[in-house]
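Comments concern the structure below.
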Amino acid sequence: MRLSRAFLPTLKETPAEAQIASHRLMLRAGMVRQTSAGIYAWLPAGLRVLQKVAQIVREEQDRAGAQEILMPTVQNADLWRQSGRYEDYGEEMLRFKDRHQREMLFGPTNEEMVTDIFKDFAKSYRDLPRNLYHIQWKFRDERRPRFGVMRGREFLMKDAYSFDVSQEAAQHSYRQMFLAYLRTFARLGLKAIPMRADTGPIGGNLSHEFIILAETGESQVFVSQDLLDLDPLADTPDFASDLTPHVDRWTQHYAATEEMHDEAAWTAVPEAKRVSARGIEVGHIFYFGTKYSAAMGLTVQGADGKPIIPEMGSYGIGVSRLVGAIIEASHDEAGIIWPDAVAPFAAAILNLKAGDATCDALCGQLYAALGADAVYDDRDVRPGQKFAEADLSGYPWQAIIGPRGAANGRIELKRRATGVREELSLEDAIARIRGA
RNA sequence: CGGGGCGUGGCGCAGCCUGGUAGCGCGCCUGUUUUGGGUACAGGAGGUCGUGGGUUCGAUUCCCGCCGCCCCGACCA
């Protein structure tokens, strides 16, 4: 993308409504634009990041055996009356009527719908297990939307739903998602910590929140350093095998949010290993048994001919929230520092003297080699502005090309995260950017 | 939902208390200048002062209603 032609409305000053870093930076970097309280339009730079996050989420869901579908945003109220949640959900549910006066709603989640869809398919225990997910916009009419895309009313969520023949089988599905989540967040460049969560009225202990550490996090978390030292990508499990040992590695260490904090267990953690920090919830998984399958009338026939009510779980990742959360976890005074995996562009090519034949030629060669994964700042503006905006937008690499170096075919490559600069040939610069 | 605050060119703000036909910085346009960290100078364009009503000769300013947005708290991907 040539910046001279791009729709990238960066701001030098911060809009007054933005309080936290990610919101400020997303507005300044031209990623989003607010259209109503808690509702945002995604502009090209923001959309690219959102799509990259979604794609990683998708790949890891697929790897764990879940299958992608796409359910609608608008649902019929009758579906929700079957589970009894139409009345329970309250003001957070956006309700409206269609032209025939039918009561409709904008889906805040999809347990009822997915169960209803699955019901028509599943006849036999042989049709289990299945795990269906989609990545779709949700609407929850929050009392107080805030923090930009981190607590919007409309948000993009990945929600998966598992159907199993027994509790034991359902726990296997749960572990698959548990490990898939660890891999997902690690690939996004985040350190996510699974924490036991309150299961609410369902009971049992199978609910975990996945929380990333960031100074501006909403909740206080307590975690053992041993847990932070684990690498989710180090051992890739066979998702069909018994996953218990893999999950146990992660659940044996202390980790809790304020609500679940156990002072006695905490003091048992060696003092040097106690990490107390702020966290942002980016994922939440539950096992909830037959709550929805029973309510929606989902049964399959067992091997003995008797009906079985499938055991279910649901698994959510806040995709649009993650974009904000990543920035919270990775920024500095100058702007965003994107992890390589989700950066809108891998590199920015800064032509310090657009119009100079030598600079133009070298920039053109690099741009041709990097293609769609690079932005080329070919604008006729001061170098200082290019530096400032490239730092703000957070591209992992900045290829700085000015008259001095270009005369010798040299490119100055700056790593955004570290500030380290190297002088490289065209070929070496291309290799460095591609190799990251 | 309880408490607090704010709506004035694209963005950040002043003016309002003490009514008299709107101003500053950034950004934008033109020209000159500058060319390795948001350059400098000059000249421009751009505003139903959120909205409806009231008071007044006259309302951005005073009064009332409404709408929108933000912040703090209790709840949530």
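So that the names make sense, note that chain A is the first sequence line, chain B the second, and so on, each numbered from 1.
Base pairing of B:C62: its partner is B:G54, meeting the Watson-Crick or G-U wobble criterion (both donor-acceptor distances under 3.5 Å). Across all strands shown, B:G2 pairs with B:C72; the Watson-Crick or G-U wobble distances both stay below 3.5 Å. Pairing of B:U33, defined by two Watson-Crick or G-U wobble distances under 3.5 Å, is not identified with any nucleotide. Pairing partner, B:G7: B:C67, with both Watson-Crick or wobble hydrogen-bond distances short of 3.5 Å. Taking a pair to require two hydrogen-bonding distances under 3.5 Å in either a Watson-Crick or a G-U wobble arrangement, B:C16 remains unpaired. Nucleotide B:C28 forms a pair with B:G44, judged by Watson-Crick or G-U wobble geometry with both contacts under 3.5 Å.
For B:A22 and B:G46, the P atoms lie 14 Å apart once the distance is rounded to whole Å. Here, B:U55 and B:U61 have their P atoms 15 Å apart, quoted to the whole Å. Across B:A45 and B:U30, the matching C1' atoms stand 10 Å from one another, rounded to whole Å. A distance of about 22 Å separates the C1' atoms of B:C71 and B:C66, rounded to the whole Å. A gap of 33 Å separates the C1' atoms of B:C24 and B:C64, to the nearest Å. With P as the reference atom, B:G12 and B:C69 are 15 Å apart, rounded to whole Å. A distance of about 35 Å separates the P atoms of B:G43 and B:C62, rounded to the whole Å. Straight-line distance between the P atoms of B:C6 and B:G15: roughly 12 Å, to the nearest whole Å.
Nucleic acid contact class of A:L350 (heavy atoms, under 4.0 Å, all strands): none. Residue A:E154 is classed as having no contact, given no heavy-atom separation below 4.0 Å to the nucleic acid. Residue contacts for A:I317: at a heavy-atom cut-off of 4.0 Å it reaches the sugar-phosphate backbone alone, with no base atom in range. Among the atoms of the strands shown, none is found under 4.0 Å from any heavy atom of A:R33. Among the heavy atoms of the strands lying under 4.0 Å from A:T14 are primed sugar atoms or P, OP1, OP2 only; no base atom is included. Within 4.0 Å of A:I400, counting heavy atoms only, lies at least one base atom of the nucleic acid. Residue A:V319 is classed as having no contact, given no heavy-atom separation below 4.0 Å to the nucleic acid. Residue contacts shown for A:G152 include a base, since a base heavy atom lies under 4.0 Å away.
Using a cut-off of 4.0 Å between Lys/Arg side-chain N and Asp/Glu carboxylate O, A:E209 and A:R196 are scored as not salt-bridged.
If you check distances only, the side chain of A:Q385 never reaches the base of B:G37 with a donor-acceptor pair under 3.5 Å. Judged by atom type and distance alone, A:R151 reaches the base of B:C76 through a side-chain donor-acceptor pair under 3.5 Å.
If A:A18 and A:K12 are placed on RNA chain B by their nearest nucleotide, the residue sitting closer to the 5' end is A:K12. Between A:E423 and A:E13, the one whose closest nucleotide on RNA chain B sits nearer the 5' end is A:E13.
In this structure, A:R95 is positioned above the aromatic face of A:Y86, its NZ or CZ under 6.0 Å from the six-membered ring centre and within 45° of the axis.
Distance A:I212 CD1 to B:A77 C1': 13 Å, rounded to the nearest Å. Rounded to whole Å, atom P of B:G12 lies 13 Å from atom CZ of A:R28. Rounded to whole Å, atom P of B:C28 lies 12 Å from atom CG of A:D380. As rounded to whole Å, 8 Å separates atom C1' of B:G36 from atom CD of A:E412. Residue A:R404 contributes atom CZ, which lies 12 Å from atom P of B:U35 at whole-angstrom precision. Rounded to an integer number of Å, the gap from A:F147 CZ to B:C70 P is 12 Å. Summarising the geometry, the separation between CG on A:D356 and C1' on B:U34 is reported as 15 Å, rounded to the nearest angstrom. Taking atom CD of residue A:E258 and atom P of nucleotide B:C76, one finds them 14 Å apart after rounding to whole Å.
In terms of phosphate contacts, A:R382 brings a side-chain nitrogen or oxygen within less than 4.0 Å of OP1 or OP2 of B:U39. Contact check, A:R144 against B:C71: a side-chain N or O comes under 4.0 Å of OP1 or OP2.
Ring pair A:F286/A:F288 is tilted by interplanar angle, where 30° to 60° counts as tilted. By the 30° and 60° cut-offs, the orientation of the rings of A:F185 relative to A:F210 is tilted. Classified by interplanar angle (parallel below 30°, tilted 30° to 60°, perpendicular above 60°), the ring pair A:Y254/A:W266 is tilted. Under the 30°/60° scheme for interplanar angles, the aromatic rings of A:H208 and A:Y174 are found to be tilted.
The side chain of A:Q34 lies closest to B:C69 when the candidates are B:A77, B:C69, B:A74. When distances run from any side-chain atom of A:R146 to the nucleotides B:A77, B:C75, B:C69, the shortest one goes to B:C75. Set against B:C70, B:C75, B:G37, the side chain of A:R143 has B:C75 as its closest nucleotide.
For an aromatic pair to be called close, the ring centres must be under 6.0 Å apart, and A:Y161 with A:F118 fails this.
Between the side-chain ring of A:F155 and the base of B:A77, a stacking contact exists by the 5.5 Å and 30° definition.
Distance alone, capped at 3.5 Å, is enough to place a donor-acceptor pair between the A:R321 side chain and the A:M150 backbone.
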